[in-house]
Amino acid sequence: LSLAPRSAKLREPLFSMTLTTQSLPEGLLLTVTGRLDAVAGLAFEKQLDAALGASSGAVFLDCGGLEYLSSAGIRSLLVLNRRLQAASRPLFLCGVASTVREILRIAGMEAQLQLFAGVDEARAAAR
Amino acid sequence: VKEFALILGGLGVYFFGSGGLRTTLQGLATRSFRMGIARWTQFPGMTAAGGFLLGLIIESSAVASVILGSIVARGAISARLAQRLCAWANTGLVVLVFITTLDIATVGHLIMGAGGIALSFNLFPRLRPLLSGAFHLALILLGLRLMKEGLTGLPAMAWFQAMAAQVGGLSITALALGILLRIPVQSSTAVAIIGAILYKAGIFNEFQALLMLAGTGLGTGFALYLLTSHLRGEPRQITLFQGLINAIAGGVAAMLLAVGHYGGWAAFPDLLASLADDYHLRFAFAFLFQQLLCVVAGWGVGRFAPGLMERLAPVTLDQRLSKPRFIYDEAVQDPEAALELAEKELVRLFQLSGSYLDGLREDMKEAAEVPFQVAHTAVATLGVEVQEYLAAIAVRRLEKKHSAQVLWLERLLGLCLAIEEGAFQLAGTLHGTRPSPQAAPVMGRFVEAGATMLLAAADAAGTKDVYDIDILRRLTENRGDFLEKLRTDYLREGHDWSHADRALLFQVTTQFEHVVVLLHRLAILLESGRTLFSQNNPTQETP
């Protein structure tokens, strides 16, 4: 990630998230690992700009390697969902850990997002 | 006993009168008065007149500085301008001293009679403030006359002569009396008048009585330092500045008197003697001179005062946050612009409230910049500002669409403050209780979920965008049954939870649910507002 840290206090979490992209016949697979928090959320949205611009079709966000999702991270998901909705592109969240899923459930987000156990299930649903 | 009763009675009547006059006059220091001062004094050369008027109406340099401090705190005027106004406010106090030099006992009785009867039988209710002010002024004059009568008889008494021989000969006693009396009496004007009476009674010679007057300047400095120690930041800076310049003026006046008395350079006493033959008028001029010295001192220390004051009373975080960033009084003249600014300020309230759970979030524990208690204080202050601002817009003659917008913004503010209070309670519960390691992850989920919803609310209020409002509505819709089930599930699964953990879960889920219900109402209100604003101004419609 090339985004400069906002402050020394936030430097540590900055390097704890990675986002990789892979083209699929159905669209784009994004694999996020580590921690999606306040600072990583900014980098996440920035990297999405480039990835989404160069792709089309559905977006599969593989959260299997996501250790922690903060409220700021959830907000980033909302931003992503909004952008994709505007472009009529569905978003599938795959492999969301139970603790993260619980936060989404309490926040009322579970019903707003399409959640799947894994990428394969999501791809099947997309077809 | 008779003399003592007269002095005591006179003091009582004087304090009652001055208290009533101050209350009546301070009733005039409403928001519109403050707005007027703030607006009027922006014009070059009007600072002196504005400060004089403020001092005349408030009748207390200390209270004037507290009021100016509050105006600075809300960002209506700069600290520099407030300092200048503060300095000039001292000159407004002189008027009452000059009034008491007039022999208007008969007029005073007439005013007291007419005013007292009118107030008692509630005659001329519309003139009540004026009648009350006149009545209390007449009481002040009566109190002074009673004191004068009592004090005049004292020097003839043996015990008093003995006591005066012990302490009266010391000039320092007069100075100390001026300093000490100023603290409980809370009025330099009153001490100045008492000094004149003590001279007339022969208790002090003119030099000593004038020293006592100089002592009021130093006393004001001490009084402001001590009595406003509860203030923080800019309000404290302004009161310290007032105290400092009064102390300097008092010190300079005392030095000039001492030089004249002991050193033979009597320019100051000579100047007073040339101005008036009457002792009472000389005291009034001495008081005027001292108050003008305050203005000079204010000008002299003005350059380095901001740095010094900032060191003595640094601006606190909540004061910085509670200072309005968008609303300002002059904008009220243009309701359309004023409403837009009020809405932006309201969004700030939502953003501040949205940060309450930051200190508990795993990713923000160390980075949370504002403790939630500090933000809460700032929101409370700012909320009142926005409320007053909307009230000031509402009393203007408004077009129908603007009236509807004012009402809508007032509802939004009410809801915002309710959500803020709910978020504050939730944050307080979560901050104040340490759950066991078994229960901590569950509480952490409520923190993240709560923060998400508050962020969504701040976004929706800020953008008034269809999507953001819709998301907020959906996140908060029909959540009662779900949260009840969630609570039951957690309690069933949490076999190893302590009683405290279970109690905490109940409290947190209840408070969380309360916030969610309020957020849902917010989503509905924002939807209606969107319609309202888009009807008035189609260009605001978000595609």
Side-chain angles (χ1 to χ4, degrees), chain A residues 5-17 34-45 63 66-88 91 93 96-114, chain B residues 354-358 360-369 441-460 463 465-468 470-480 482-483 485-487 489-490 493 508-509 512-513 515-516 519-520 523 542-543:
Chain A
R6 277 197 303 186
S7 73
K9 283 178 181 172
L10 293 171
R11 190 172 291 138
E12 184 55 36
L14 182 64
F15 301 101
S16 59
M17 190 275 299
R35 299 164 61 85
L36 187 51
D37 52 32
V39 176
L42 297 173
F44 177 72
E45 286 173 31
C63 301
L66 197 62
E67 297 162 14
Y68 169 71
L69 179 68
S70 77
S71 51
I74 299 174
R75 196 187 193 196
S76 297
L77 292 183
L78 276 175
V79 171
L80 172 63
N81 196 33
R82 179 190 184 164
R83 288 178 61 182
L84 294 173
Q85 268 188 12
S88 302
L91 171 68
L93 256 61
V96 178
S98 61
T99 49
V100 173
R101 198 167 181 142
E102 187 71 358
I103 293 171
L104 293 177
R105 203 155 73 98
I106 298 171
M109 291 278 296
E110 203 183 31
Q112 317 307 321
L113 298 165
Q114 299 190 67
Chain B
S355 68
Y356 285 7
L357 298 171
D358 281 359
L360 293 153
R361 280 167 53 189
E362 207 176 300
D363 57 334
M364 295 288 284
K365 266 179 189 165
E366 288 180 21
E369 288 169 0
V442 172
M443 301 308 158
R445 285 171 215 161
F446 278 99
V447 168
E448 295 298 352
T452 302
M453 295 172 117
L454 290 171
L455 279 174
D459 281 345
T463 62
D465 185 272
V466 178
Y467 179 86
D468 289 333
D470 190 49
I471 278 289
L472 181 66
R473 190 180 53 74
R474 286 202 233 165
L475 296 185
T476 52
E477 208 162 38
N478 299 325
R479 305 282 304 190
F482 166 76
L483 287 167
K485 183 177 176 307
L486 194 70
R487 181 163 43 209
D489 289 348
Y490 280 137
E493 289 162 16
V508 167
T509 48
F512 184 86
E513 192 177 343
V515 173
V516 171
L519 290 176
H520 188 64
T542 309

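We name chains A, B, ... by the order of the sequence lines, and we start the count at 1 in each one.
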| query | Side chain, backbone, both or neither: which part of A:Leu78 has an atom under 4.5 Å from a heavy atom of chain B? | reply | both

| query | Considering only heavy atoms from C-beta outward, does the side chain of A:Val96 approach that of A:Leu66 to under 4.5 Å? | reply | no

| Does some side-chain heavy atom of B:Val515 sit less than 4.5 Å from a side-chain heavy atom of B:Met453? | no

| For the candidates B:Ile471, B:Asp459, B:Val442, which exhibits the highest count of non-hydrogen atom pairs separated by less than 4.5 Å from chain A? | B:Asp459

| field | Under 4.5 Å from any heavy atom of chain B - which part of A:Ile106 | value | both

| field | Contacting moiety of A:Glu110, where chain B heavy atoms sit under 4.5 Å | value | neither

| request: To the nearest 0.5 Å, tell me how far B:Glu477 CD sits from B:Asp470 CG. | output: 8.5 Å

| Proximal component of B:Arg474, with respect to chain A [non-hydrogen, under 4.5 Å] | both

| said: Please give me the minimum heavy-atom distance between B:Gly450 and B:Leu357, naming the atom from each residue. | reply: C-CD1, 3.7 Å

| message | Let me confirm one number: the CG-CG distance from A:Leu91 to A:Leu77, rounded to the nearest 0.5 Å. | response | 7.5 Å

